[in-house]
Amino acid sequence: GVDCGADSRMCCRQEFFVDFKEIGWEDWIIHPEGYHMNYCAGLCPLHVASIPGLAASFHTAVLNRIKAASAAAAVGSCCVPTQRRPLSLLYYDRDSNIVKTDIPDMIVDSCGCT
Amino acid sequence: AAEAAWCPACGVAASAPGTQRDALLALAKQSILAKLRLPARPKVPQPPSRGALLTALRMMRAQRWDTAAAFPGMLRDGRGPLRPEMGLQEYEILSFAESGSSTSHSVRLHFRFSQEVAGTTEILQATLYLFWAAPSRGAQPITVRLLQPDPAGPNMTVASETQLEVQRSGWTTLDIGAAVQSLFGQETPRLTVELEVPEDWESPLPSNHSDSHWPFVVAQAQARTPHRVHRR
């Protein structure tokens, strides 16, 4: 996958960190200090469609040219997460019990085109 | 329109950075609360004392080492270690006792569980940790009763009763998984533990009730497996 730069236009992963102190949640969330709510953004033109991330290889380049030339039905291709991992939280619930849980698929590690 | 096209997948309309940041922060809050099944963030908690917390964590770690030593690679009921990637969210809950009513020869302790967790999970294991004071003479008989709110009325029903003999001061653990499981299906998931001793015996709990000997419950729960929708 590719991380977004300042002027990325193609499909990439945009990092976005939520500091629990900034949103006033540090009193009930014991750990971690924040949440990496990364998301996928960018264009998925036809010639990179269905390639997770931007594979840069000779074969891919040829395949891309064929796709671009084929002008197949330009079905929309979307920039979506291709790899995610759990968010482990340690927090106080409403009865001040201490709860630890791993929420599956909460952190996006990489993006690609459908 | 061109800007909006720039970010079709993230669902946040391309807008001024400040507004976009606020929208993303709101999205993060909403996403975490939804996954924790919380309607809103909990009120400011009353954390347990440092002594009680350190003791509980030490006891939990010791318990885990014992389990791991007895069944390497296995978890409590013989299944392989579950991982969140399997999509089943697991919870570990540490609940400290609240003092309830007491008489000259009985003490009640309350443990509350949040409806959000109780209503959507099944209990894998639950252990009650009690610290006994040194008996003044010989082995002290103690009855440990687990009481639950009676769904049909204001009284309490006895979920289980255990007779113990305390020879000396120290920690004891009791498996309360079945009682907590049946509790999880109720409106107010609150467990009451009643400790009763014969008339002329003193309370089995340390009189100074130092924080680091405060009773607590450790429970492991797992989100109920969603019913499988088979696509043909």
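In what follows, every chain begins at residue 1, and chains take the letters A, B, ... in the order their sequences are listed.
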Point to revise | Cys79(A) and Cys12(A) SG atoms less than 2.5 angstrom apart | key: no
Exercise for review: Under 4.5 Å heavy-atom distance to chain A, tell me which part of Leu53(B) shows up: side chain, backbone, both or neither.
Suggested key: side chain
Check your understanding: Is the number of heavy atoms from other residues, nucleotides or ligands under 6.0 Å of Lys21(A) NZ greater than 12?
Key -> no
Point to revise | Most chain A-contacting option - heavy-atom pairs closer than 4.5 Å, from Val217(B), Val44(B), Leu36(B) | key: Leu36(B)
Revision key, fill the gap. With chain B, the option among Leu90(A), Ile29(A), Asp27(A) that has the most non-hydrogen atom pairs under 4.5 Å is Asp27(A)
**Study point:** SB check Arg94(A) Glu116(B) (cutoff 4.0 Å)
**Key:** yes
Check your understanding: For Ile30(A), is it the side chain, the backbone, both, or neither that has a heavy atom closer than 4.5 Å to a heavy atom of chain B?
Key -> neither
Exercise for review: Answer yes or no for Cys44(A) and Cys78(A): SG-SG distance under 2.5 Å.
Suggested key: no
Exercise for review: Scan side-chain atoms only and decide if Ser110(A) and Thr82(A) contain a donor-acceptor pair under the 3.5 Å cut-off.
Suggested key: yes
Exercise for review: Flag the one option from Glu92(B), Arg41(B), Arg112(B), Lys35(B) with the top tally of heavy-atom pairs under 4.5 Å to chain A.
Suggested key: Arg41(B)
